[in-house]
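Here the structure is a predicted model, which means the values were calculated and not measured.
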Amino acid sequence: LVKLVQFGGGSVQAGGSLRLSCTASGYTFRRNCMGWFRQAPGKEREGVAAIYGGGGVTYYADSVKGRFTISLDNAKNTVYLQMNSLKPEDTATYYCAADSRLLGSCVVDWARALYYNYWGQGTQVTVSS
């Protein structure tokens, strides 16, 4: 049974930082793509960042580039999302996700939720101005 368990999140003022983590059980992502998504009320789920487990290549949405960093620790089966310089518009529920396909890299449209078949439980991030 594959399970993704998220930790982190919370409330912070604009300009602050938070770190999210996502630990996988029953699954290793050495040749898979792992992603972080977010969903604000009334909005669609959007891809924030992704990382390929086989080589650590990273992908970012333009809205977070330069502020967020995705990383992974294969030994701990854990992927992280370090979020710096947070803005009120980053407020959302954040989800980690895993693509179970064995790939050579993340797909070009890695930000589409339909490619991911395992999801974490979600964690709230609230940024106040």
In this structure, SG of Cys33 is separated from CZ of Arg101 (nearest 0.5 Å) by 8.5 Å
What one should report as the nearest heavy-atom pair of Ala92 and Tyr94 is O-CD1, 3.4 Å
*Near-ring test Trp119/Phe37, centroid separation under 6.0 angstrom*: yes
Output for pair (Arg31 CZ, Asp99 CG), nearest 0.5 Å, gives 12.0 Å
### same_hphob_cluster(Tyr59, Leu72) at 4.5 Å side-chain heavy-atom cutoff
no
Is a donor from one side chain sitting under 3.5 angstrom from an acceptor on the other, for Thr93 and Gln124? yes
If you define the side chain from C-beta out and look only at heavy atoms, does anything of Asp62 sit under 4.5 Å from Tyr60?
no
For atom CG of Leu114, decide whether the heavy atoms of other residues, nucleotides or ligands shown that lie under 6.0 angstrom number more than 12.
yes
Q: Decide yes or no on side chain to side chain contact (heavy atoms under 4.5 Å, CB included) for Leu102 and Asn32, but give the supporting numbers first.
A: CA-CA 5 Å; Leu102 298 178; Asn32 305 86; 3.7 Å; yes
Under 3.5 Å, side chain of Tyr95 to main-chain N/O of Gln39, donor-acceptor pair present?
-> no
Rounded to the nearest 0.5 Å, the CG atom of Leu1 sits from the OG atom of Ser25 at a distance of 7.0 Å
- Item | Derivation and outcome, side-chain hydrogen bond (donor to acceptor under 3.5 Å, both in side chains), residues Tyr80 and Asp73 | CA-CA 8 Å; Tyr80 303 94; Asp73 184 333; 4.6 Å; no
**OP:** Determine whether Val79 and Ile70 make a side-chain contact, defined as any pair of heavy atoms from C-beta on separated by less than 4.5 Å.
**Re:** yes
Exactly one candidate in Arg38, Glu46, Met83 meets side chain to side chain contact (heavy atoms under 4.5 Å, CB included) with Val64; the answer is Arg38
Of all heavy-atom pairs linking Ser129 and Pro88, the shortest is CB-CG, 3.8 Å
Check your understanding: Under 4.5 Å between side-chain heavy atoms, hopping through other hydrophobics if needed: is there a path connecting Leu4 to Leu103?
Key -> no
* Asked: Would the number of heavy atoms belonging to other residues, nucleotides or ligands and lying under 6.0 Å from CD of Glu89 be above 12?
  -> yes
Discussion item. Between Ser21 and Thr78, do the side chains contain a donor N or O and an acceptor N or O under 3.5 Å apart?
Written reply: no
One should read off an interatomic distance between Arg30 CZ and Asn77 CG, to the nearest 0.5 angstrom, of 7.0 Å
With a 3.5 Å distance limit and no angle check, can you tell me whether Gln6 reaches the backbone of Cys96 through a side-chain donor-acceptor pair?
yes
Interatomic distance, CZ@Arg67 vs OG@Ser85, rounded to 0.5 Å, equals 7.0 Å
To the nearest 0.5 Å, atom OG of Ser71 lies from atom CD1 of Ile51 at 6.0 Å
Problem - Residues Asp90 and Lys87 bridged, charged N to O under 4.0 Å - result: no
Exercise for the section: Check whether any side-chain heavy atom of Phe68 sits under 4.5 Å from a side-chain heavy atom of Leu86, and report yes or no. Expected result: yes
Between Leu18 and the options Asn84, Val125, Leu81, the side chain to side chain contact (heavy atoms under 4.5 Å, CB included) test singles out Val125
| request: Kindly indicate whether the side chain of Cys22, heavy atoms from C-beta on, has any atom under 4.5 Å from the side chain of Trp36. | output: yes
What one should report as the nearest heavy-atom pair of Trp110 and Ala50 is CE3-CB, 3.6 Å
query: In terms of hydrophobic clustering (I, L, V, M, F, W, Y; side-chain heavy atoms under 4.5 Å; direct or indirect links), are Tyr115 and Tyr118 co-clustered?
result: no
